[in-house]
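In what follows, chains carry the letters A, B, and so on, assigned in the order in which the sequence lines appear, proteins first and then strands, with residues in each chain numbered from 1. Side-chain atoms are counted along with the backbone in the values below, which use heavy atoms only and exclude waters and symmetry mates.
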Number of protein chains: 2
Amino acid sequence: MARPKEFDVDHALREAMNVFWSNGYKATSLGDLTRAMRISKSSMYETFGSKHDLFLATIEHYIRTQTTQISGAAHIDAPAVKVIRALFHRAVQRMAEPNSRRGCYLNNCAVEVSVRDGEAGERVEKGLDMMEEAFVELVARGQREGDIATHHDPRPMARFLVSSLNGILVMGKAHADTDKLNDVVDITMNALA
Amino acid sequence: MARPKEFDVDHALREAMNVFWSNGYKATSLGDLTRAMRISKSSMYETFGSKHDLFLATIEHYIRTQTTQISGAAHIDAPAVKVIRALFHRAVQRMAEPNSRRGCYLNNCAVEVSVRDGEAGERVEKGLDMMEEAFVELVARGQREGDIATHHDPRPMARFLVSSLNGILVMGKAHADTDKLNDVVDITMNALA
DNA sequence: AGCATTCTGAACCATTCCGTCCAGAATATA
DNA sequence: TATATTCTGGACGGAATGGTTCAGAATGCT
């Protein structure tokens, strides 16, 4: 009865996220966005409301697609420590690829806007909590299976891991030296034993 | 013979740094800057050149004044672990005070501009290296005096500490919950033993 | 007093920004 | 074919941006 939407909303959201992810919120103009989304300005406003609304939507999109990947890793059938180490190593590796040197989207948002932009802050916090939860599961399993020490409860341990991962990604933004970052990974893993 | 400068350049630099520190580079306008510096736009341009030049100068100012404070802490006459723990605790405490919830300036700059702005990136990297150096000294001393384990060389250990500290500050931007952050501090300190 | 310097405020410029709106083309269903 | 919806591109507005320039007041030194 009516003309259907021609572009994939989720795909457009993904592209918008990538631009914000690489350039930050303030440094991204509407032109940058619509160019990447391959959409006219009018369509963008009709579909998402405003630049800021779009921004919030990209954070939720990130949580929906990326953060849940980490949760998924928690159920891989391998020793928990191995899974955690693999997650960290992949993060380090990403920072070495020039096109992927943009860290964690939640991390970037937390630093750039979280304090001043409450709406974004809420979402960032929720995303980090989900990461924490995924690591809680992993640590608990590792402790049950005996390859993670039981000096600490799973939750503080998980917080330590989330924090450490974010620290590594920040360092990577300045250094991009894989060896130096792996130094940090090694000691972090050592802290689990 | 001539009219002397009326304002203190270092003080103006400090105020400019504070604005950038709280709001980021892009989100800070010339008006924000000159208002905080209590200087006219003309004076600002005459003295610092441009917004970007001023920005670079604030990073150097930060290194000159703040980073060297950490280096100074390395020579405090107390067990190295105690000094390190105190540094971390003070950082956590800062994140709890609403007006001080802005993390580490180098950290913020690394995340917001380091990748795209080479000139800023260089300076950020230098600053982080200086932090690393300060921690190397501390760890080495701790190992000599026996309160830090010798499983790892001082340098990787120092990198771990710098990374961990930055991770904590990022988490603080999203959470601001002192207890959660102290969980991370505890485990980090545990990794030294 | 005279001179060199510094400061301010305002005017000004070109650019970019976000946001709104509309005419017209495209497209699926009935 | 008629209708309803969607898309695009461009025009437009108003505001804010970074940056430049200048006249004139202020100030300290000789």
Side chains of B:Asn182 and B:His89: closer than 4.5 Å at any heavy-atom pair?
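Yes, their side chains come closer than 4.5 Å.
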CZ of A:Phe135 to OG of A:Ser163: how many Å apart, nearest 0.5 Å?
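Answer for the CZ-OG pair, A:Phe135 versus A:Ser163, is 11.0 Å.
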Counting just side-chain N and O atoms, does B:Ser43 come under 4.0 Å of either OP1 or OP2 of C:dT8?
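Checking C:dT8 against B:Ser43, a side-chain N or O does come within under 4.0 Å of OP1 or OP2.
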Can you list the residues that meet the salt bridge (charged side-chain N to carboxylate O under 4.0 Å, His left out) rule with A:Glu60, with sequence neighbours excluded?
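Checked A:Glu60 against salt bridge (charged side-chain N to carboxylate O under 4.0 Å, His left out); matches are A:Arg123.
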To the nearest angstrom, how far is [X] atom [atom1] from [N] atom [atom2]?
X	N	atom1	atom2	answer
A:Phe7	D:dT6	CZ	P	10 Å
A:Met44	C:dC21	CE	C1'	16 Å
B:Glu46	D:dT20	CD	P	13 Å
B:Tyr45	C:dC13	OH	C1'	13 Å
A:Arg35	D:dT8	CZ	C1'	16 Å
A:Phe48	C:dT20	CZ	P	16 Å

Could you identify which residues of residues 10-24 of chain A place a heavy atom less than 4.0 Å from some atom of DNA chain D, listed by residue number, or say none?
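Heavy-atom contacts with DNA chain D come from no residue of residues 10-24 of chain A; none.
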Counting only distance, no hydrogens or angles, is the base of D:dG9 paired donor-acceptor with the side chain of A:Ser42 under 3.5 Å?
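Pair found.
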B/S/- contact track for nucleotides 12-17 of chain D, protein heavy atom under 4.0 Å:
-----S
Got more than 12 heavy atoms from elsewhere within 6.0 Å of [atom1], [X]?
X	atom1	result
B:Arg14	CZ	no
A:His52	NE2	yes
A:Lys51	NZ	yes

Indicate whether any N or O donor in one side chain lies under 3.5 Å from an N or O acceptor in the other, for A:Ser29 and A:Asp32.
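Side-chain D/A pair, A:Ser29 to A:Asp32: present.
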Sort out for me which residue in B:Arg159, B:His152, B:Arg155 forms a side chain to side chain donor-acceptor pair (under 3.5 Å) with A:Asp183.
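The residue from B:Arg159, B:His152, B:Arg155 that satisfies side chain to side chain donor-acceptor pair (under 3.5 Å) with A:Asp183 turns out to be B:Arg159.
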Using atom types as modelled and distance alone, determine if a side-chain donor or acceptor of A:Trp21 lies under 3.5 Å from a backbone N or O of A:Gly103.
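Yes: the side chain of A:Trp21 pairs with the backbone of A:Gly103.
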Consider the side chain of A:Ser50, meaning its heavy atoms from C-beta on, and name the nucleotide among C:dT8, D:dT8, C:dG19 that approaches it most closely.
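Between C:dT8, D:dT8, C:dG19, the one nearest the side chain of A:Ser50 would be C:dG19.
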Heavy-atom nearest nucleotide on DNA chain C for B:Arg38 versus A:His52: which residue maps closer to 5'?
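It is B:Arg38, whose closest nucleotide lies nearer the 5' terminus.
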